[in-house]
A.B. asks: 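One structure is given below, represented as structure tokens, and several questions about it will come after.
In the text below, chain A, chain B and the rest are named by the order of the sequence lines, each starting its count at 1. Just so you know, these numbers use all the heavy atoms, side chains as well, and skip hydrogens, waters and symmetry mates.
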Number of protein chains: 2
Amino acid sequence: MSAVPTEPRYQRRKEDRPKEIAEAAFEVFAEKGYAAARVDEVAKRAGVSKGLTYLYFKTKEELFKAVIRGVVVRRIDSLIDEVDSTELTAEAFLRGPMVAFMQRIPGSRISIVLRLLIAEGHRHPDLLEYYYENVVGRGLAMLRRFLERGIETGEFRRTAVNDMPQLIVAPMLLSAIWKMVFVKRSLDTDRLIEAHMDMILEHIKA
Amino acid sequence: MSAVPTEPRYQRRKEDRPKEIAEAAFEVFAEKGYAAARVDEVAKRAGVSKGLTYLYFKTKEELFKAVIRGVVVRRIDSLIDEVDSTELTAEAFLRGPMVAFMQRIPGSRISIVLRLLIAEGHRHPDLLEYYYENVVGRGLAMLRRFLERGIETGEFRRTAVNDMPQLIVAPMLLSAIWKMVFVKRSLDTDRLIEAHMDMILEHIKA
DNA sequence: CACCTTAATGACTCAATGGTCAGTAAAGTG
DNA sequence: CACTTTACTGACCATTGAGTCATTAAGGTG
């Protein structure tokens, strides 16, 4: 009655733990929102004690911020790079990579971040700042540059869209929200976004 | 040392109390969201004890639902009536009353309801149902009818917008959200909505 | 003005939850 | 294998906040 090699009660995995906890936290925040999310549940999903969560993240709020920032929208970066190096005509770029990008947003993690920011943003102004600086602002600036270039090459004419590139992405926003809110009322968001792009192009082409 | 007529500690106002409490609740929910809102604070703002709140509303959740439903969007009704009785050409109607309506949404109470529904909707499916049935669904149906009529009179041609009238209101949604989220980053939402309507019309006119 | 109904209060309960920390044991290290 | 370090646990605490209810008194009624 001895030497039964009891398996260890836990493993020490300093490296991976923060990621795992953040991942679990993302899920819980996504489902419940910030206020209704329970740190205990985050820990449970990460397969970890609540105490450990507090070893890696000082407070619930810090965990939240880390999680939101963690969805580091590299996608925007790659799109921006693509814009600046593409060989396509402006129109082809909009119809191709740009539309594809916009179609990917609804249903993605970014939508969820979006929802969280809409819901709780004003209580975390630094998060909003971060998100505007790194995503929204840069995205819009990129669109403006792109349109400007289109005008220089004679493809586009100058319209109100130049000042308000939000006009280009509005249906993407609507699609993202629609899919999250009216889950059951289906909406062909791909088609919506494409149709809108047709309209935009018709409007801005020289 | 007597007969000092002590003023009553409270007044009984059975009629008005529910409204006042609901009004206060709307404020608090608007600021904090559902989960972070405190019934105590609602009572305080309504100038009432917490107990009274529970006399008129069984639970916090019921209070929430009552409040959301309370923003009974009669505005949509009056717009629908207007659509059906207007003497204007379809184009004039879109440029006039329709744009005016859309411009009023950002900054209005409806935006706030919208935010609350985006944030907490999936945990109150009956609320979503209600809101879709009474606002979103009816609004979209109205737009579809309107466009159809425009086609019949020869003003409009048939386009993707007929199937997806969401295309018409997307910038309104963006505007509403932008104003709530990026309070400091100003955006001329009136102009945005108008410019978008120009584009729509250019696209759908026969 | 005595009496009654009930609107309104506010002190209370109890479960839940963010956060702490003393202790445990996993994985080195020499 | 003894010794050390520290990742990790889990029991614990203090607080908060939804919901209750015995009590009070406003205001009507006869």
A.B. asks: Quick one, which residues of residues 19-35 of chain B touch DNA chain D with a heavy atom under 4.0 Å?
C.D. replies: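 Close to the strand, none.
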A.B. asks: Is there any side chain to side chain donor-acceptor pair (under 3.5 Å) pair reaching into residues 96-110 of chain B, and which pairs are they, with sequence neighbours excluded?
C.D. replies: B/E23-B/R109
A.B. asks: For A/F64 and C/dG18, give me the distance from atom CZ to atom P, rounded to whole Å.
C.D. replies: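 From A/F64 CZ to C/dG18 P: 14 Å.
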A.B. asks: Is the closest basic N to carboxylate O distance between B/R123 and B/E61 below 4.0 Å?
C.D. replies: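 Between B/E61 and B/R123 there is no salt bridge, as every charged N stays at least 4.0 Å from the carboxylate O atoms.
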A.B. asks: Answer yes when B/R95 and B/E194 have at least one side-chain N-carboxylate O distance shorter than 4.0 Å, and no when they do not.
C.D. replies: no
A.B. asks: Can you give me the first and the last nucleotide of DNA chain D (5' to 3') that has an atom within less than 4.0 angstrom of a non-hydrogen atom in chain B?
C.D. replies: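 Contact boundaries, 5' end first: D/dG17 to D/dG27.
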A.B. asks: CZ of A/R13 versus C1' of C/dA27: gap in Å, rounded?
C.D. replies: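 Atom CZ in A/R13 sits about 14 Å away from atom C1' in C/dA27.
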A.B. asks: Do the side chains of B/E120 and B/R115 get close enough for a salt bridge, i.e. N-O under 4.0 angstrom?
C.D. replies: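 Looking at B/E120 and B/R115, the cut-off is not met.
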A.B. asks: To the closest 0.5 Å, what do you measure between CG (B/L187) and CD (A/Q166)?
C.D. replies: 5.0 Å
A.B. asks: Need to verify one output field. Residue with the more 5' nearest nucleotide on DNA chain D, B/A37 or B/Q11?
C.D. replies: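 Nearest nucleotide further toward 5': that of B/A37.
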A.B. asks: With a 4.5 Å cut-off on side-chain heavy atoms, are A/Y130 and A/V135 touching?
C.D. replies: no
A.B. asks: Mind jotting down which residue pairs meet the ring pair (Phe, Tyr, Trp, His ring centres under 6.0 Å) criterion with at least one end in residues 44-69 of chain A? Sequence neighbours excluded, please.
C.D. replies: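 Residue pairs passing ring pair (Phe, Tyr, Trp, His ring centres under 6.0 Å), neighbours aside: A/F29-A/F64, A/Y34-A/F64, A/F64-A/H124.
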A.B. asks: Using a 4.0 Å heavy-atom cut-off across all strands, classify A/A36 as base, sugar-phosphate, or nothing.
C.D. replies: nothing
A.B. asks: Should B/D16 and B/R13 count as an ion pair when the cut-off is N to O under 4.0 Å?
C.D. replies: yes
A.B. asks: Quick one, which residues of residues 43-59 of chain A touch DNA chain D with a heavy atom under 4.0 Å?
C.D. replies: A/V48, A/S49, A/G51, A/L52, A/Y56
A.B. asks: Do B/M199 and B/L167 have side chains that get closer than 4.5 Å, going by heavy atoms?
C.D. replies: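 A side-chain contact under 4.5 Å is absent here.
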A.B. asks: Any salt bridge linking B/R45 with B/E31? Criterion: basic side-chain nitrogen under 4.0 Å from a carboxylate oxygen.
C.D. replies: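 A salt bridge links B/R45 with B/E31.
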A.B. asks: When the distance from OH of A/Y10 to P of C/dT24 is rounded to whole Å, what number comes out?
C.D. replies: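 The answer, rounded to whole Å, is 11 Å.
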A.B. asks: Under the side-chain hydrogen bond (donor to acceptor under 3.5 Å, both in side chains) test, which residues partner B/R191, sequence neighbours left out?
C.D. replies: A/D163
A.B. asks: Between B/R17 and C/dA7, is there a side-chain N or O to OP1/OP2 distance below 4.0 Å?
C.D. replies: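 Negative; the distance criterion is not met.
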A.B. asks: Indicate whether OP1 or OP2 belonging to C/dT17 is found under 4.0 Å from a side-chain N or O atom of A/R38.
C.D. replies: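 Yes, because at least one side-chain N or O of A/R38 sits under 4.0 Å from OP1 or OP2 of C/dT17.
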